[in-house]
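Here is the structure we will look at.
All values below come from the heavy atoms of this structure, side chains included, with hydrogens, waters and symmetry mates left out. Order of the sequence lines sets the chain letters (A, B, ...), proteins ahead of strands, with each chain counted from 1.
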Number of protein chains: 2
Amino acid sequence: MSGEAGAVERPVYRQGDDYDHAMPYDPSAFPPFAVTVDLVVLTVRKDALCSLVVRRGEPPYQGRWALPGGFVRDDEGLEAAASRELAEETGLRSQAAEGHRGGAHLEQLATYGAPQRDPRMRVVSVAYLVLAPDLPSPVAGGDARSARWAPSDALLDASEGLGRDAEQQAPLAFDHGQILQDGVERARSKIEYSSLATAFCPPEFTVGELRRVYEAVWGVALDPRNFHRKVTGTPGFLVPTGGTTTRQGGRPAQLFRTGEATVLNPPMLRPEA
Amino acid sequence: MSGEAGAVERPVYRQGDDYDHAMPYDPSAFPPFAVTVDLVVLTVRKDALCSLVVRRGEPPYQGRWALPGGFVRDDEGLEAAASRELAEETGLRSQAAEGHRGGAHLEQLATYGAPQRDPRMRVVSVAYLVLAPDLPSPVAGGDARSARWAPSDALLDASEGLGRDAEQQAPLAFDHGQILQDGVERARSKIEYSSLATAFCPPEFTVGELRRVYEAVWGVALDPRNFHRKVTGTPGFLVPTGGTTTRQGGRPAQLFRTGEATVLNPPMLRPEA
DNA sequence: AAAATAGTGTCTTTGAGACAGTATACT
DNA sequence: AGTATACTGTCTCAAAGACACTATTTT
């Protein structure tokens with residue numbers, strides 16, 4: 001635990017020494033780590049789940065795609081660092097966990113700290129998951145580096161087998177393939193039992209648009225009629241705004257916004273197949 | 001991201017400076033953090049969910065209970081550190097994620113890194129969740145520090161309101177109350193849709209013993225008959241060993257061991273009440 | 001005998017899946 | 001008219017919840 005630095009029996013760090021000697025507490029007697037945040041930013045574009053990736057300008061992995069992220073500053077919290085990086089890279093405002101309206105959903109995903117995951121130094125990276133609606137301007141704001149949305153499954157396929165195309169299909173830098181995979185799996189399972197799928201939608205959306213989000217994230221086809229019955233029948237999930245739209249063609253569809261409910265009980269069931 | 005150290009526009013760390021100046025990559029130009037692992041070790045004892053806590057011998061929070069844990073060494077991975085600390089504190093062998101038989105279940109929980117969570121220095125702690133069967137010897141092995149099992153709800157009640165008893169009921173040190181709460185909630189939700197509840201049981205156990213695990217973790221009463229039908233009817237959940245036991249009194253009960261299934265579909269439903 | 005635990009069977013209700021059929025837009 | 005999407009309703013089946021009832025032990 002963090003409060004253990006003073007325990008006498010605890011092995012503590014001394015440069016170039018081993019850990020097996022009991023020694024008194026020394027503020028500098030711990031191995032220094034760099035701590036970063038990496039972002040899995042997901043959205044649904046053209047009926048496909050997409051992730052934000054940036055091209056690396058420096059070695060290692062120069063020219064390869066990677067997840068956006070950066071160092072945690074010594075006076076800021078982890079979520080604050082993730083939120084700041086998100087704003088710098090995309091211009092998106094995040095809205096943590098119990099999210100108020102208007103911001104992208106942001107939650108901690110997992111932490112990655114294999115000793116050799118970065119060849120330059122010991123880096124522990126806290127990954128965050130961001131779910132955002134499709135952005136009108138691809139990646140507004142941010143710095144000058146090249147960034148793009150890429151279909152998640154293409155990135156993941158490439159990260160597993162051999163890259164098919166050297167350039168576009170190359171696996172992600174570092175262990176970012178694993179991080180992305182964990183993020184996608186988290187998103188896939190979380191929309192089952194929470195109302196989080198609406199984080200992929202604009203403020204007002206139709207049942208059909210929400211269904212296409214589920215279909216894109218899960219990669220399956222859902223019965224439009226049973227889906228409609230399910231989501232409109234779950235109290236607190238969707239609130240009708242009164243308006244309608246025909247932006248999807250066909251009969252005008254009712255517009256909804258996200259309701260107060262955050263948990264779906266019973267859950268949306270993901271078809272097995 | 002961890003690979004961003006070389007990006008020119010990235011704000012990088014310089015001792016005593018601010019972050020708003022672009023500067024070239026420098027291996028030492030990042031804020032140094034201490035990285036620790038904290039363990040939420042849960043077991044079921046006397047029909048109550050209990051957590052392993054150790055008494056602190058040094059300031060800060062001297063004399064208060066805290067979660068076991070310690071520094072990550074500079075050549076070991078995060079899970080390896082958690083596994084090592086677990087062995088040092090309890091003598092338990094862990095069996096990570098896709099656990100083989102015989103070890104306690106260990107999985108990453110979350111990471112806590114608020115700037116002032118440890119008054120002495122900037123510490124980022126990666127918390128791990130351990131689920132273990134009730135141990136015959138309370139806490140075998142480990143070092144000389146005082147350690148004990150404490151009912152989780154008593155620790156959590158105390159961490160919220162004012163401590164009722166100053167000594168025994170005092171809230172946990174640091175942010176360990178929050179970490180414990182997150183760990184308990186993870187365990188509660190995970191036994192719904194996985195076979196993880198068997199991690200609280202000895203290698204061979206009865207349906208009644210497994211039911212008492214669910215009842216202790218969730219804090220509810222379950223119908224023994226419906227529970228029996230559910231768990232024995234889920235393929236791959238339980239495998240009969242052929243033996244029976246009367247250690248719970250009453251009619252002899254069949255003994256089971258954990259099956260191959262890791263995910264429960266459909267899940268065990270937690271009563272709402 | 002009484003009490004405790006183990007296990008089976010039966011009925012009801014909820015809800016998911018399949019799919020017929022109607023409504024209202026655009027081309 | 002043809003087609004696309006939106007929405008309602010109906011049937012069937014799986015499974016959870018609420019029990020009644022039997023079986024086998026200890027006290």
Side-chain angles (χ1 to χ4, degrees), chain A residues 46-47 191-193 201 204-216 218 220-256 261 263-273, chain B residues 46-47 191-193 197 201 204-216 218 220-257 261 263-273:
Chain A
K46 300 187 207 137
D47 292 336
I191 64 174
E192 286 190 79
Y193 56 89
C201 296
E204 296 199 348
F205 53 90
T206 70
V207 171
E209 287 162 352
L210 182 61
R211 176 172 47 82
R212 275 178 278 277
V213 163
Y214 274 92
E215 291 178 329
W218 283 346
V220 298
L222 299 176
D223 186 294
R225 298 158 294 185
N226 291 337
F227 182 88
H228 191 281
R229 169 161 52 93
K230 172 69 178 175
V231 297
T232 56
T234 300
F237 190 5
L238 300 183
V239 178
T241 65
T244 60
T245 182
T246 59
R247 61 188 174 217
Q248 299 290 340
R251 169 176 166 179
Q254 245 188 304
L255 283 169
F256 295 87
V263 66
L264 261 43
N265 204 327
M268 284 285 306
L269 293 184
R270 168 160 40 163
E272 6 206 330
Chain B
K46 302 186 207 133
D47 292 335
I191 65 174
E192 288 190 79
Y193 57 90
C201 296
E204 295 198 350
F205 54 89
T206 69
V207 171
E209 288 163 351
L210 181 62
R211 176 170 48 82
R212 275 178 278 276
V213 163
Y214 275 93
E215 291 176 330
W218 285 345
V220 298
L222 299 176
D223 185 293
R225 300 158 292 186
N226 291 337
F227 183 86
H228 190 282
R229 170 163 50 93
K230 172 71 177 174
V231 296
T232 57
T234 301
F237 191 5
L238 300 182
V239 178
T241 66
T244 60
T245 182
T246 59
R247 61 187 174 217
Q248 299 290 341
R251 169 177 168 180
Q254 248 187 300
L255 284 169
F256 295 87
R257 60 173 179 78
V263 65
L264 260 43
N265 201 326
M268 286 284 306
L269 292 184
R270 168 161 38 163
E272 8 203 330

Between CZ of A:F205 and P of D:dA6 the distance, given in whole Å, is 13 Å

Dump the intermediate steps for side-chain contact (heavy atoms from CB on, under 4.5 Å) on A:Y214 and A:M268, then the final yes or no.
CA-CA 10 Å; A:Y214 274 92; A:M268 284 285 306; 3.8 Å; yes

Does the B:Q248 side chain pair with the main chain of B:E209, one donor and one acceptor, at a distance under 3.5 Å?
no

If the threshold is 4.0 Å, N to carboxylate O, is there a salt bridge linking A:E192 and A:R270?
yes

In this structure, how many angstroms lie between the C1' atom of D:dA6 and the CG atom of A:L255, rounded?
13 Å

What is the distance from CZ of A:F227 to P of D:dT8, rounded to the nearest Å?
14 Å

Ignoring backbone atoms, test whether B:K230 places a side-chain nitrogen or oxygen under 4.0 Å from the OP1 or OP2 oxygen of D:dA15.
no

Under 3.5 Å: donor-acceptor pair, side chain of A:Q254, backbone of A:G242:
no

Heavy-atom closest pair (B:L269 atom, B:W218 atom, distance to 0.1 Å) is O-CZ3, 3.8 Å

Position toward the 5' end of DNA chain C (nearest nucleotide), A:R251 or B:T206:
B:T206

Which residue, A:G249 or A:N226, contacts DNA chain D at a nucleotide closer to its 5' end, judged by nearest heavy atom?
A:G249

Starting at CG of B:D223 and ending at C1' of D:dC21, how long is that distance when rounded to a whole Å?
14 Å

Identify, between B:N265 and B:T246, the residue whose nearest nucleotide on DNA chain D lies closer to the 5' end.
B:N265

Within a strict 4.5 Å, meaning less than it, do heavy atoms of the B:F227 and B:V207 side chains meet?
yes

A:R247 atom CZ is separated from D:dA6 atom C1', nearest whole Å, by 14 Å

Measure from the side-chain heavy atoms of B:L269 and tell me the nearest of D:dA6, D:dT25, D:dA16.
D:dA16

Chain B contact limits on DNA chain C, taken 5' to 3' with a cut-off of 4.0 angstrom to heavy atoms:
C:dA4 to C:dT8

Tell me whether the side-chain N/O atoms of A:H228 come closer than 4.0 Å to OP1 or OP2 in D:dC7.
yes

Rounded to whole Å, how long is the line connecting atom CZ of A:R211 with atom C1' of D:dC7?
12 Å

When you measure from the side-chain N and O atoms of B:R225 to the phosphate of D:dG17, is any distance below 4.0 Å, counting only OP1 and OP2?
no

With sequence neighbours excluded, tell me which residues meet side-chain contact (heavy atoms from CB on, under 4.5 Å) with B:P252.
B:T244, B:T246

Rounded interatomic separation in angstrom, taking OH from B:Y193 and P from D:dA15
21 Å

Atom-pair distance (CD on A:Q248; P on D:dC7), nearest Å
12 Å

